[in-house]
S.K.: 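Mind looking over this structure? Questions follow.
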Amino acid sequence: MEDSNKEPITTEPQESGAPAEQQSFSETPVKKRSSFTSKIGFVLAAAGSAVGLGNIWRFPYLAAKYGGGIFIFTYIILAVTFGFVLMIAEIAIGRKTGESAINAFKKLNKKWAFLGVLCAIIPIIILPYYSVIGGWVGKYFVTFISGGGAQAAADGYFTSFIASPWQPLLFFAAFVTIVFIIVLFGVEKGIEKTSKFLMPALVVLSIGVTIYTLTMPGAAAGVKYYLLPDFKNFSIKTLLGALGQLFYSMSLAMGIMITYGSYMKKENRIESSVHQIEIFDTGIALLAGLMIVPVSFVFSGGNPEVLGQGPGLMFVSLPKVFNSFGPVGGGILGGLFFALVLFAALTSAISLMETVISIIMDKFKLSRRKSCVIAYVGTLLLGVPSALGFGVLKSVSIGDMTILDMFDFLSNSVLMPIAAFLTCVFIGYVIKCKTITDEIELNGKFAMKKFFNVMVKYICPIGIAAILITSILDVAGVFSL
Ligand code: PHE
């Protein structure tokens with residue numbers, strides 16, 4: 001229900017992480033903030049940030065790599081426990097303080113301002129390499145619409161593309177430049193409106209492609225691998241991988257949901273919104289996995305090397321599917337698919353760049369225009385090593401991790417768990433759970449209150465610390481070999 005005594009507020013939910021209102025935020029922190037007009041507006045906007053390459057590109061390759069069904073099983077358990085608790089907490093912190101992360105922690109407790117800064121560093125690390133993958137998607141889009149579907153489906157195409165000295169760089173730079181232009185000229189609204197049609201289109205197309213791939217001979221074994229948990233495949237890497245993916249996919253532990261929460265109205269219910277966002281985000285990830293993993297299993301005959309290849313999985317497997325429709329059909333289908341994925345990637349990258357810009361503005365008190373340029377140049381520079389890490393800079397690696405993998409590991413498997421751990425400690429022991437649960441109970445019962453308290457105080461921090469420490473020891477063991 002609309003209420004008339006508040007600002008009539010944008011009808012369009014603010015989909016970018018740090019909407020325009022935040023521009024003047026550092027100067028006038030108490031300035032009236034606009035908010036989402038309806039609960040569904042809030043849910044769609046938060047889901048718009050959450051759904052991106054994380055769901056379509058990252059989730060399937062992790063599931064394939066970390067044992068299929070057992071990864072899915074672990075992920076779902078973590079999503080309904082850790083994911084639920086953290087998302088509730090972040091949205092409540094945002095709504096209570098009306099601030100974005102960097103100021104929200106400071107407002108609640110001066111000594112904990114550093115946590116806001118830690119959260120702020122994470123999008124700065126993610127955006128450059130996110131844009132490298134965005135560039136890969138762009139490359140495949142161009143290839144398919146220019147009739148190169150058959151080449152794209154050939155073995156070795158992806159590897160030679162990412163190893164090329166200039167192509168990944170060119171597409172990466174093009175992607176970042178598009179994001180920069182959109183953000184600089186403030187046309188996100190148009191993009192977001194369009195994405196309301198294109199996101200459902202992506203889901204429908206993915207369902208169609210999934211049904212087609214599942215009718216291929218041998219697909220049943222792939223589906224079994226993808227969905228049936230085999231506890232033999234479980235390892236600490238599965239757990240850490242699922243945890244990092246959870247944060248990444250739901251845009252948690254990096255302050256984004258705090259910003260979204262700060263735009264949520266007091267009369268909208270946080271708890272049910274969180275359930276809806278989680279279902280949405282996890283549903284799309286599971287669908288993308290079903291579209292990519294079984295078919296990869298079919299094409300490779302279950303070869304663990306192909307399944308475990310990591311970031312390239314989607315780019316290697318799907319072109320083969322599209323190409324099986326012939327040059328014209330495959331071109332249209334592949335072009336359409338990569339265009340839609342490109343769009344999902346763009347909306348998430350815009351939301352990341354907006355966040356980075358607002359951090360620069362808040363911290364250095366610079367104008368929005370200057371901050372945009374700094375974010376752009378900084379992203380370009382930081383992204384170059386990731387873009388070249390599969391070719392020219394291939395020798396720079398740790399174990400089997402390329403430069404892109406290293407950034408990905410640093411943000412998702414190290415910094416985000418640390419930020420999440422500290423957020424739990426902060427809530428459980430500094431501001432106390434009641435501060436959060438009172439905010440949630442402003443408009444009704446908090447059904448999972450007891451669960452929330454126990455999770456935040458004990459299970460989440462202990463669980464996250466245990467996962468993090470065990471994996472660091474594990475990695476250290478690997479490195480000392
Ligand atoms: N959650 C997004 C995805 O799954 C990534 C993202 C993180 C986007 C943070 C915006 C902000 O792709």
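Counting starts at 1 for both ligands and their atoms, following the listed order.
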S.K.: Considering distance alone, does some N or O of L352 sit under 3.5 Å from an N or O of ligand 1?
M.R.: no
S.K.: Which of the atoms of ligand 1 are close to S249, meaning less than 4.0 Å from one of its heavy atoms?
M.R.: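 Listed by number with element, the hits are 1 (N), 4 (O).
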S.K.: Should you measure from each heavy atom of N55, which atoms of ligand 1 turn up under 4.0 Å away?
M.R.: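 Going through ligand 1 atom by atom, the ones under 4.0 Å from N55 are 4 (O).
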S.K.: Taking the six-membered ring for Trp, are Y61 and F315 closer than 6.0 Å centroid to centroid?
M.R.: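 Y61 vs F315: aromatic centres not under 6.0 Å.
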S.K.: For ligand 1, which atoms have a heavy atom of G54 less than 4.0 angstrom away?
M.R.: 3 (C), 4 (O), 12 (O)
S.K.: Going by the atom numbers of ligand 1, which of them fall below 4.0 Å from some non-hydrogen atom of S348?
M.R.: 8 (C), 10 (C)
S.K.: Are any non-hydrogen side-chain atoms of N412 and I126 less than 4.5 angstrom apart?
M.R.: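 Side chain of N412 against side chain of I126, heavy atoms only: contact under 4.5 Å found.
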S.K.: Give a yes or no on whether the backbone of T347 and the side-chain of S351 come within a donor-acceptor separation of less than 3.5 Å.
M.R.: no
S.K.: Answer yes if the side chains of K96 and S262 hold a donor-acceptor pair under 3.5 Å, and no otherwise.
M.R.: no
S.K.: With respect to S351, determine whether any N or O atom, backbone or side chain, lies less than 3.5 Å from an N or O atom of ligand 1.
M.R.: no
S.K.: Considering only non-hydrogen protein atoms, determine which one is nearest to atom 11 (C) of ligand 1 and report residue, atom name and distance to 0.1 Å.
M.R.: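 The closest one turns out to be I256 CD1, 3.2 Å.
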S.K.: Flag the pair F407 / Y129 as yes when their ring centroid distance falls below 6.0 Å, and as no otherwise.
M.R.: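 F407 vs Y129: aromatic centres not under 6.0 Å.
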S.K.: How far is atom 6 (C) of ligand 1 from its nearest protein heavy atom, and which residue and atom is that?
M.R.: S251 OG, 3.8 Å
S.K.: How far is atom 8 (C) of ligand 1 from its nearest protein heavy atom, and which residue and atom name does that atom have?
M.R.: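 For this ligand atom, the closest protein heavy atom is S49 O, 3.4 Å.
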S.K.: Using a heavy-atom cut-off of under 4.0 Å, does the side chain or the backbone of R58 touch ligand 1, or both, or neither?
M.R.: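 Neither; no heavy atom under 4.0 Å.
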S.K.: If you measure only the distance, is there a donor-acceptor pair under 3.5 Å linking the side chains of T259 and S100?
M.R.: no
S.K.: Can a donor-acceptor pair be found, under 3.5 Å and without considering hydrogens, that links the side chain of Y263 to the backbone of G98?
M.R.: no
S.K.: Is the closest N or O pair between V51 and ligand 1 shorter than 3.5 Å?
M.R.: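 Between V51 and ligand 1, no N or O pair is found under 3.5 Å apart.
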S.K.: Provide, to 0.1 Å, the distance between atom 4 (O) of ligand 1 and the closest protein heavy atom, together with that atom's residue and name.
M.R.: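 Its nearest protein heavy-atom neighbour is A50 O, 2.8 Å.
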S.K.: List ligand 1 atoms under 4.0 Å from Y130, heavy atoms only on the residue side.
M.R.: 3 (C), 5 (C), 12 (O)
S.K.: Can a donor-acceptor pair be found, under 3.5 Å and without considering hydrogens, that links the side chain of N233 to the backbone of G68?
M.R.: no
S.K.: What atoms in ligand 1 come closer than 4.0 Å to a heavy atom of L53?
M.R.: 12 (O)
S.K.: Given 3.5 Å as the limit, does a donor-acceptor pair link the side chain of S413 with the main chain of L410, or not?
M.R.: no
